[in-house]
Amino acid sequence: MLSQYKSQKPSDREYNRMPNYSTIVSLLRDRATSEPDKIGYSFLGEDGETVKASLTYQELDRQARAIAAQLQNLGAAGERALLIYPFSQGLEFVAGFFGCLYAGVTAVTTYPPRPNQSLSGFEARAASCQAKFVLATKALLANLEGKWPENTGLAECQKLATDSIPSSLAEEWQEPDLNKDYLAFLQYTSGSTGNPKGVIVTHENILHNSAQIYKCFGHSTNSQGVIWLPAYHDMGLIGGIIQPLYGGFPVALMSPMTFLQKPLSWLKAISRYKATTSGGPNFAYDLCARKATPELLETLDLSSWEVAFSGAEPVRAKTLEQFAIAYKACGFRHSAFYPCYGMAETTLLVSGGLKDDPPAIKYVEELALEQNRVVPAEPGKGARAIVSCGRGWLGQEILIVDPDTLTICPSDRIGEIWVSGSSVGKGYWNQPEETKRTFNGYLADTGDGPFLRTGDFGFWADGELFIAGRLKDMIIIWGRNQYPQNIEMTVEQSHPALRPGASAAFAVEAEEEERLVIVQEVERAYLKKLNAEETIEAIRSAIAQQHELETYAVLLIKTGSIPKTSSGKVQRHACRTKFLDGSLNVVARWQNPSVDIGGVLERLIPAKEVSQS
């Protein structure tokens with residue numbers, strides 16, 4: 001039967017039992033009235049533990065009304081406003097975001113500018129969304145004075161320093177005529193496989209996805225969040241800012257720069273504030289697992305942590321195991337791990353498991369996986385461990401579809417993941433062709449649709465969704481499908497000099513064949529003492545043994561130089577482009593001497609050559 005290949009479709013009665021709000025504005029207004037003095041948001045300083053600022057629901061409501069009144073006075077209703085806030089002042093973003101919603105202005109989230117950074121990326125986003133306003137802090141606007149590109153849309157935008165707007169202006173606010181279908185904000189995709197696109201997210205999208213997260217994470221008013229994820233990214237915005245408001249529980253926010261500079265500050269904050277829910281991408285757990293020390297373990301208590309969600313990049317079974325072992329003495333429970341799957345096009349969450357169930361791991365034959373077949377296997381050589389990402393919730397439907405025939409795949413085949421439901425955004429802003437291609441998938445045999453075509457590969461097993469990789473990132477060598485993240489994991493684990501979460505595997509064509517290229521960052525501590533020949537040989541050997549593939553080029557590059565999205569995902573396509581144009585920051589390189597790949601390596605900046613044996 002067809003239904004056995006679909007996710008279980010939960011009753012919408014579950015959703016209807018959730019708080020009945022038509023917009024996010026009505027939700028915050030209700031919190032401000034019923035619980036005015038309850039602290040909803042705290043922001044932690046650079047030590048990751050001391051509260052630097054906080055907002056009660058009433059204070060946030062008043063700030064949002066003041067900002068909204070200023071926007072209304074400027075005739076901004078229905079326009080787009082680009083939000084550019086520094087990481088060091090996380091609550092200014094929160095106030096600015098809700099200020100836009102209160103004014104009926106479409107918020108456009110974006111990353112903050114770095115020192116000496118070109119504003120061309122902001123100009124592209126402002127042009128894409130046709131922004132008329134820029135919201136930021138007074139200090140940031142002063143710092144950017146004179147740096148706006150001349151005669152461009154960004155330069156012509158009206159600049160508002162939201163932290164300079166007097167709170168008394170809140171009394172002038174006029175409640176806009178909003179409904180569930182009103183456009184709330186544009187959520188730009190991270191651009192890991194192409195140019196960033198603004199996903200149209202309505203109030204209904206936000207509320208439905210918030211209900212999903214609340215339900216499957218098992219949140220309550222007794223929950224406590226700790227979030228370091230950037231507020232401009234879907235996981236940080238929906239999971240870290242809107243979800244706590246929806247659930248009526250407090251959250252302590254941290255700057256992502258604090259986490260990146262002091263990863264263990266995240267765990268210290270969880271311990272100090274007795275967080276029940278927190279998480280991040282796989283690399284965050286891997287980083288903390290590597291930094292565990294006996295001295296640290298004595299200072300932490302992670303027993304309160306009930307939901308350690310992991311998403312945004314492939315969830316690796318080995319990482320979960322290593323982290324759980326490293327922090328077991330602190331009270332961390334392996335069953336707290338909550339692998340999930342989501343994307344900007346679905347507001348955030350697509351699927352997740354049952355809160356109290358441990359992560360489900362499926363072992364499949366790696367060679368069969370390369371042929372898009374699912375063959376169960378025992379753990380060991382030739383088997384690949386894939387972590388389940390649960391199922392759909394609250395009426396969200398998930399299909400596994402053959403991307404060529406557009407028909408549902410049988411249960412033993414890998415296909416493209418298609419999604420439908422109230423969390424799916426309304427398309428890409430001003431990109432009708434991309435919207436049609438991505439948001440309007442229809443099954444060829446039944447005509448069912450529309451579905452969001454995620455571009456991800458996956459399969460169903462035992463009623464749960466397993467993610468195999470990105471369709472656009474697929475490498476085909478010798479007629480075999482290769483998922484780059486599997487190769488990258490092998491590379492990163494092949495030698496201690498290699499930095500986790502900082503590798504890219506891709507293919508280039510040479511002599512009418514696809515050839516495998518590896519680009520990998522070196523750990524900073526190894527830059528001056530790198531044994532390049534030994535390291536590259538370890539990479540080649542590991543790939544040959546575990547994937548039966550021949551490597552045609554290996555480039556070791558400087559720490560922090562691999563192209564990444566604003567949310568930290570490696571941009572394989574951008575990395576491939578830099579490889580081809582010779583603009584990577586190379587430390588050492590190796591090329592198979594028997595294959596001509598167009599003299600690419602000879603065009604690179606000077607770097608240490610490694611014996612080409």
Side-chain angles (χ1 to χ4, degrees), residues 2-21 24 180-181 184 187 189 199-219 234-235 237-239 242-243 246-247 307 309-312 315 338-355 357 360 387-401 408-409 415-427 435 438-443 446 448-467:
L2 183 65
S3 60
Q4 68 179 308
Y5 306 129
K6 297 183 181 182
S7 67
Q8 296 298 313
K9 193 172 182 179
S11 170
D12 284 333
R13 287 179 298 178
E14 293 179 0
Y15 179 46
N16 294 333
R17 288 200 296 268
M18 304 308 293
N20 186 24
Y21 300 104
I24 296 298
K180 66 183 180 65
D181 296 320
Q187 179 164 255
T189 63
V199 180
I200 299 170
V201 181
T202 66
H203 285 266
E204 181 185 31
N205 293 147
I206 299 172
L207 289 167
H208 182 268
N209 209 249
S210 297
Q212 284 194 100
I213 297 169
Y214 185 85
K215 179 71 176 176
C216 62
F217 280 29
H219 284 156
D234 52 6
M235 191 183 284
L237 176 58
I238 303 299
I242 294 178
Q243 176 60 197
Y246 183 89
V307 180
F309 58 85
S310 181
V315 182
Y338 193 93
C340 46
Y341 168 62
M343 58 197 312
E345 286 81 354
T346 60
T347 309
L348 176 59
L349 186 75
V350 171
S351 67
L354 296 173
K355 173 186 173 182
D357 287 352
V387 181
S388 163
C389 287
R391 61 180 176 86
W393 291 78
L394 304 184
Q396 190 132 288
E397 189 174 9
I398 306 172
L399 305 181
I400 304 299
V401 178
I408 291 179
C409 293
E416 186 183 8
I417 300 168
W418 288 22
V419 182
S420 71
S422 297
S423 287
V424 176
K426 305 307 177 185
T435 295
T438 304
F439 287 83
N440 288 282
Y442 288 85
L443 294 176
T446 66
D448 288 352
F451 290 90
L452 168 72
R453 299 189 60 169
T454 68
D456 290 323
F457 271 156
F459 62 92
W460 284 107
D462 304 321
E464 301 205 16
L465 178 66
F466 293 81
I467 312 299

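Using a 4.5 Å heavy-atom threshold, the side chains of Q243 and I238 count as separate. Side-chain contact between V419 and Q396 is present, with at least one heavy-atom pair separated by less than 4.5 Å. Side-chain atoms of S351 and W393, non-hydrogen and from C-beta on, never get closer than 4.5 Å to each other.
Taken to the nearest 0.5 Å, the CD1 atom of I200 stands 12.5 Å off from the CD atom of Q187. Interatomic distance, SG of C389 versus CZ of F466, reported as 8.5 Å (0.5 Å rounding). Within the model, atoms CG of L465 and SG of C340 stand 11.5 Å from one another, a figure rounded to the nearest 0.5 Å. Distance check: E204 CD to K426 NZ gives 5.5 Å after rounding to the nearest 0.5 Å. Atom CE of M235 sits about 9.5 Å away from atom CG of L349, to the nearest 0.5 Å. Put simply, OH on Y338 and CG on L354 are 7.0 Å apart, with the number rounded to the nearest 0.5 Å.
A donor-acceptor pair is defined here as one N or O able to donate and one able to accept, closer than 3.5 Å; no such pair exists between the side chain of D181 and the backbone of T202. In this structure, T346 contributes its side chain and G342 its backbone to no donor-acceptor pair below 3.5 Å. A side-chain donor-acceptor contact under 3.5 Å links H203 to the backbone of I24. Under a 3.5 Å cut-off, the side chain of D234 and the backbone N or O of A344 do form a donor-acceptor pair. Formation of a donor-acceptor pair under 3.5 Å by the D456 side chain with backbone atoms of E416 is not found in this model. In this structure a side-chain-to-backbone donor-acceptor pair under 3.5 Å is missing from E345 to V199.
Checked by atom type, the side-chain pair Q212/S423 shows a donor-acceptor distance below 3.5 Å.
Between G390 and S388, the shortest heavy-atom contact is N-OG, 3.0 Å.
Applying the side chain to side chain contact (heavy atoms under 4.5 Å, CB included) test to K355 and every residue at least two apart in sequence or in another chain returns E306, V307.
Each of V350, T347, L394 was evaluated against N209; a single residue qualifies, T347, per the side-chain contact (heavy atoms from CB on, under 4.5 Å) test.
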